[in-house]
Amino acid sequence: MPVEHRVAARGRLRARVVGVVAGRVSVPGMGQEGEGGASGRGRCVGWPALDERRGPLQASLGTLGQWLQPGMADSAQAQKLVYLVTGGCGFLGEHVVRMLLQREPRLGELRVFDRHLGPWLEELKTGPVRVTAIQGDVTEAHEVAAAVAGAHVVIHTAGLVDVFGRASPETIHEVNVQGTRNVIEACVQTGTRFLVYTSSMEVVGPNTKGHPFYRGNEDTLYEAVHRHPYPCSKALAERLVLEANGREVHGGLPLVTCALRPTGIYGEGHQIMRDFYRQGLRLGGWLFRAIPASVEHGRVYVGNVAWMHVLAARELERRAALMGGQVYFCYDGSPYKSYEDFNMEFLGPCGLQLVGARPLLPYWLLVFLAALNALLQWLLRPLVLYAPLLNPYTLAVANTTFTVSTDKAQRHFGYEPLFSWEDSRTRTILWVQAAGSSAQ
Ligand SMILES: NC(=O)C1=CN([C@@H]2O[C@H](COP(=O)(O)OP(=O)(O)OC[C@H]3O[C@@H](n4cnc5c(N)ncnc54)[C@H](O)[C@@H]3O)[C@@H](O)[C@H]2O)C=CC1
Ligand SMILES: C[C@H](CCCC(C)(C)O)[C@H]1CC[C@H]2[C@@H]3[C@H](O)CC4=CC(=O)CC[C@]4(C)[C@H]3CC[C@]12C
């Protein structure tokens, strides 16, 4: 069992850390570090003061300048790297964590930072890579700084994904914007040079005017106008990340950043898909079409999004000049369909049927119901949280074509989807079936 403990350094740096260290628990200062732990690897389980913290890590890794020598990454002598994944216990974060463990040969230590740590992290402790679970909050600058210190690469995927009105706009801003600012500042202060940010298609659109974005790419001109707190926060955070590219980090070298913009992610662990499945089961196996089949909604498989993060993080060092400050849509071979028709690719084989070749309700009635839901949410807020799937924002997103067609990630860092559409579909169906049966 992992031991949870408060970690203090200089009285300022505090983060709740659960050390899961290659099969054993690391308790700082108690002589229980993993074998060979004296080198300082995985020192985040016991945070010394910032400057001291750089010492042991640099002793084992050399100076930052050293490990960045051209060609070194390819050599057999390449240093093992420390990765930090914020939001590593979320839907996407878990896939990124597992993908790094499977596909990043240079991984020496993996720090998983999240507000809520998943029990599945336990199973990772048997592997060869040191996995350090850190319970922390991205809105707490000192917790972020403690987690980032000594990491070579940060994949910042933590975020508050809320388009249903569960959280206040202030909280969404705090987590998504201030949290990202804290990550950037932590990189700058501690000398971490490589930052990959999980942005979203939502930073582009659909916009408030309902303009379609049809098979667009990163250079497509589109009027990005937002009002909802979630896309506003993601757009602001993305800008912070891109503007931070080139900033001098502790040690004098430049920060290299890029942002990945997934469209709607699906796959194992996708809660909204599971909710639709359960809703269909409750309705006797039927779902009712609300959106015209002609409205295309971009979707991408979570395993491919995770793979893109791993590749981008790996290649940022070698291709800093090309990739630094760039944005990349996440894409794969998933077909272009409406949101509901796409979901039926998985829910159909699980026994559900989508009723209606056309929407059963006229659009004006959906708009009315969405507005009614928004009103009810506002009226009931002092008493209870009413947060249905249908609201004016989700209706507008679902009802506006937004699809991407690009190869920028392939051109810039050699990305090819790891999972074919058939694989992605099969994996998702198996997960929906399992998640559905465990719900009954
Ligand atoms: N789900 C989707 O379709 C899409 C998601 N994204 C982005 O991908 C990222 C991951 O999203 P999902 O995995 O879907 O969401 P998720 O909610 O499953 O995962 C987010 C993770 O961040 C953690 N987190 C939230 N607030 C935190 C805080 N204050 N401090 C530390 N950790 C915190 C959560 O505990 C959670 O584990 C987000 O940044 C989101 O904006 C982008 C495009 C599409
Ligand atoms: C919940 C919506 C579908 C309900 C439609 C209804 C009520 C008519 O049946 C989802 C439709 C589109 C989704 C969003 C989209 O995939 C883009 C996103 C990107 C993100 O970064 C976060 C999630 C989301 C906003 C996603 C949320 C659910 C939908 C609005």
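Read the numbers this way: they start at 1 and go in the same order the structure lists the ligands and their atoms. Since the model is a prediction, treat every value here as computed from it, not as a measurement.
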Backbone N/O of N304 and side chain of D332: donor-acceptor pair under 3.5 Å: no
Part of Y266 within contact of ligand 1 (heavy atoms, under 4.0 Å): neither
Min heavy-atom dist S199 to ligand 1 below 4.0 Å: yes
Closest protein heavy atom (residue, atom, distance) for atom 14 (O) of ligand 1: F91 CD2, 3.7 Å
Protein heavy atom at shortest distance from atom 10 (C) of ligand 1: T157 O, 3.4 Å
Distance under 6.0 Å and angle within 45° of ring axis: K337 vs F342: no
Closest protein heavy atom (residue, atom, distance) for atom 8 (O) of ligand 1: T198 CG2, 3.3 Å
Close approach of L160 to ligand 1, heavy atoms, under 4.0 angstrom: no
Test item: E268 side-chain N/O and T428 main-chain N/O as donor-acceptor pair under 3.5 Å: no
Greater than 12 external heavy atoms within 6.0 Å of F368's CZ: no
Top protein contact for atom 19 (O) of ligand 1, by heavy-atom distance: G90 CA, 3.3 Å
Distance under 6.0 Å and angle within 45° of ring axis: R215 vs Y336: yes
Part of K234 within contact of ligand 1 (heavy atoms, under 4.0 Å): side chain
Side chain, backbone, both or neither: the part of V175 lying under 4.0 Å from ligand 1 by heavy atom: side chain
Non-neighbouring partners of R98 that pass salt bridge (charged side-chain N to carboxylate O under 4.0 Å, His left out), sequence neighbours left out: E94, E123
Side chain proximity check, R193 to P254, heavy atoms < 4.5 angstrom: yes
Closest approach of any protein heavy atom to atom 13 (O) of ligand 1, naming residue and atom: L92 N, 2.8 Å
Nearest-neighbour protein heavy atom for atom 11 (O) of ligand 1, which is reported as residue plus atom name and distance: V161 CG2, 3.6 Å
Which atom of F164 lies closest to which atom of A387, heavy atoms considered: O-CB, 3.5 Å
Ligand 1 atoms in contact with T263 (distance to a heavy atom under 4.0 Å): 43 (C), 44 (C)
contact_flag N176 ligand 1 heavy-atom lt 4.0 Å: no
Short N or O contacts of ligand 2 with protein, under 3.5 Å, listed by atom name?
unit_1	atom_1	unit_2	atom_2	d
ligand 2	16 (O)	H297	NE2	2.8
ligand 2	21 (O)	S200	OG	2.7
ligand 2	21 (O)	Y230	OH	2.6

Residue G87 vicinity, atoms of ligand 1 by number, heavy atom under 4.0 Å: 21 (C), 22 (O)
Nearest-neighbour protein heavy atom for atom 32 (N) of ligand 1, which is reported as residue plus atom name and distance: R115 N, 3.3 Å
Closest protein heavy atom (residue, atom, distance) for atom 35 (O) of ligand 1: D114 OD1, 2.6 Å
Between K408 and Y331: side-chain donor-acceptor atoms closer than 3.5 Å: no
C89 touching ligand 1 at heavy-atom level, < 4.0 angstrom: yes
Whether G136 lies under 4.0 Å from ligand 1, heavy atom: yes
Under 3.5 Å donor-acceptor, R261 side chain and Y328 backbone: no
Side-chain donor-acceptor pair present, T401, E296, cut-off under 3.5 Å: no
Side-chain donor/acceptor of N176 to backbone N/O of K234, under 3.5 Å: no
Min side-chain heavy-atom separation M273-V432 under 4.5 Å: yes
Other residues, nucleotides, ligands: >12 heavy atoms within 6.0 Å of W378 CH2: no
R239 CZ: over 12 foreign heavy atoms closer than 6.0 Å: no
Residue pair T406 / E218, side-chain donor-acceptor N/O under 3.5 Å: yes
Close N or O approach (S200, ligand 1; < 3.5 Å): no
I265, any N or O under 3.5 Å of ligand 1 N or O: yes
